Amino acid sequence: MSQAKVDIVLNEPVGTIAPQIYGHFMEHLGACIYDGCWVGRSSPIPNTDGFRNDVIAALRHIKASVIRWPGGCFADDYHWEDGVGPAESRPKRVNVHWGNVIDSNEVGTHEFVRFCQLVGAEPYFAGNLGSGSVREMRDWVEYCNFPDGSSLASKRAQNGSAMPLGVRYWGVGNENWGCGGNFTPEDYGTEYRRYSGYLRDFGDTPLFLIACGPSGNDIDWTRRFLTKIRKDFWSGTTIHGLAAHYYCGTAGTSSEYTEDQWYQLLYQAAKMEALVIQQRALLDAFDPERKIGLIVDEWGTWHPAEAGRNAAFLWQQNTIRDAQVAAITLNVFNRHADKVVMSNIAQTINVLQAMILTEDDRMVTTPTYHAYDLFSDHQGGESLRTIVKCAPISLPTGHLDQLSVSSSLKGSVLTVTLANADCASSLEVRLRLIGGGTSQSIDGTMLESRHGGIRALNCFDDPDNVGLTKWDRIAGAGTSELTVQLELAGIAKLSIEVQ
Ligand code: AHR
């Protein structure tokens with residue numbers, strides 16, 4: 001068994017963990033929307049206003065805070081007016097990015113906002129900069145948010161919502177260095193300025209405008225985009241968030257991998273920390289008042305297409321290795337709570353690193369879902385300085401931290417999440433609470449799988465193999481020094497009442 005030491009500094013808050021860090025992303029892609037959440041009002045599958053009840057309950061349970069929609073690449077080919085008004089007269093469009101399938105536009109603005117209301121999440125709309133127009137995007141904002149009296153607000157009322165939809169988060173394009181128009185950073189800077197200038201606050205909904213950030217940790221994109229904005233238009237341009245995308249990819253396949261491939265994928269996932277550190281440093285250099293938040297609005301694993309499935313639909317299985325990726329990444333975001341204001345894992349249902357898989361009337365929650373469940377108590381907590389001492393795992397490519405940790409305090413409850421990246425050895429962790437405070441009572445919860453070892457997963461015929469269970473390998477309640485034992489590949493949470 002390896003050893004680690006963790007100091008949690010109770011009187012050194014880093015920043016509040018934005019609930020939006022626990023955000024999601026849903027695109028018109030494969031079976032994410034259609035057959036994922038949407039089955040239609042007349043479906044025999046139990047639904048509310050066309051959305052599956054089981055999916056709604058599952059996402060409510062993990063406190064899904066914000067959901068980005070309608071893409072992805074799809075967003076820059078989406079025209080919002082196609083998705084409002086009577087469903088039977090909505091145009092059928094070809095989804096050119098994802099398999100040339102026909103999109104019926106049955107799920108449009110009102111439906112998606114309704115889904116978010118049912119789930120308890122806020123909608124985040126990605127606007128079309130690639131193939132749309134400034135007018136189209138500003139009209140969408142007016143349609144959603146203007147209280148009443150304008151033609152667009154009246155149209156919204158005719159379409160079922162006299163009340164504004166109150167959409168706060170707006171992405172000004174998606175991946176505009178790629179599928180969103182192949183812009184240079186300078187050209188996107190000019191476009192961002194033009195578009196964002198017409199996106200206005202209406203009624204009770206101040207907008208939060210999100211600029212397209214880099215592909216991965218592309219320093220050049222961020223520097224050149226911000227240089228352009230600062231040089232030509234700094235004073236008149238509003239950017240509330242800059243959104244990077246980082247997919248850590250794969251090693252092996254989604255459910256077949258060796259121990260070496262386990263480490264290789266986690267090593268790739270752990271690069272998120274360098275991305276956050278380097279991008280935030282660059283942002284702060286341009287924006288010393290630190291008004292611009294860092295967002296990662298697409299991230300996760302991306303495994304090879306599963307045999308027998310349409311490769312364009314990006315359906316993949318999800319094991320406890322994906323749950324480790326989620327745990328490592330969420331711990332990074334929690335520790336950088338003073339800068340990271342939102343993150344959206346890709347994608348919620350049936351696509352990439354999904355929370356949920358559906359097949360006809362069946363639904364399973366994935367190991368990644370259970371990691372989100374485990375971590376959800378961090379939302380709104382004060383992230384605390386957490387110092388880890390643990391020998392790293394040596395890999396041919398570099399070093400991987402064996403132990404990933406973050407901690408947060410809400411009232412008198414301290415939440416600590418831990419992940420042991422080592423798939424061959426368990427870990428004893430000595431945890432000290434410093435800065436004044438002892439643990440009164442302690443509850444532990446951990447991810448558990450009944451079989452499958454490091455490849456454990458849930459599937460339709462065996463939906464409950466991986467889930468959460470009580471973690472009781474904890475000693476030291478009533479003191480400020482605890483000792484816990486984390487299984488190999490273990491992910492766990494401590495909920496500590498501190499006094
Ligand atoms: O999530 C799948 C795709 O990955 C998104 O549509 C795009 O933004 C990214 O390249």
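As the structure lists them, so they are numbered: ligands from 1, and atoms in each ligand from 1. Given the structure is predicted, the values throughout are model-derived calculations rather than measurements.
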Engineer: When you check the gap from the basic side-chain N to the acidic O, do D287 and K291 get nearer than 4.0 Å?
Structural biologist: no

Engineer: Using a 4.0 Å heavy-atom cut-off, say whether W302 meets ligand 1 through its side chain, its backbone, both or neither.
Structural biologist: side chain

Engineer: Does only the side chain of Y247 get under 4.0 Å from ligand 1, or the backbone, or both, or neither? Count heavy atoms.
Structural biologist: side chain

Engineer: Any side-chain donor-acceptor pair under 3.5 Å between Q278 and N217?
Structural biologist: yes

Engineer: Tell me, which protein residue and heavy-atom name are nearest atom 6 (O) of ligand 1, and how many Å apart are they?
Structural biologist: E27 OE1, 2.7 Å

Engineer: Which atoms of ligand 1 are found less than 4.0 Å from any heavy atom of W98?
Structural biologist: 3 (C), 6 (O)

Engineer: Do W140 and T109 meet the criterion of a side-chain donor-acceptor pair at a distance under 3.5 Å?
Structural biologist: yes

Engineer: If the cut-off is 4.0 Å to any non-hydrogen atom of G72, which atoms of ligand 1 fall inside it?
Structural biologist: 5 (C), 6 (O), 8 (O)

Engineer: Could you list the atoms of ligand 1 found under 4.0 angstrom from a heavy atom of N174?
Structural biologist: 8 (O)

Engineer: Have H97 and D76 got a donor and an acceptor in their side chains that come within less than 3.5 Å?
Structural biologist: no

Engineer: Can we say the SG-SG distance for C73 and C179 is below 2.5 Å?
Structural biologist: yes

Engineer: Under 4.0 Å from any heavy atom of L352, which atoms of ligand 1 are there?
Structural biologist: 1 (O), 2 (C)

Engineer: If the cut-off is 4.0 Å to any non-hydrogen atom of F25, which atoms of ligand 1 fall inside it?
Structural biologist: 1 (O)

Engineer: Is there a donor-acceptor contact under 3.5 Å linking the side chains of E27 and W98?
Structural biologist: yes

Engineer: Report, in ascending order of atom number, the atoms of ligand 1 lying under 4.0 Å from any heavy atom of C73.
Structural biologist: 5 (C), 6 (O), 7 (C), 8 (O)

Engineer: Using a strict 4.0 Å cut-off to heavy atoms of E175, name the atoms of ligand 1 that fall inside it.
Structural biologist: 7 (C), 8 (O), 9 (C), 10 (O)

Engineer: As a check for students: among Q347, Q353, E298, identify the option with a heavy atom nearest to atom 9 (C) of ligand 1.
Structural biologist: E298

Engineer: Compute whether any side-chain donor of one residue and acceptor of the other, for N145 and R156, lie under 3.5 angstrom apart.
Structural biologist: no

Engineer: Between D82 and R90, is there a side-chain N and carboxylate O pair less than 4.0 Å apart?
Structural biologist: no

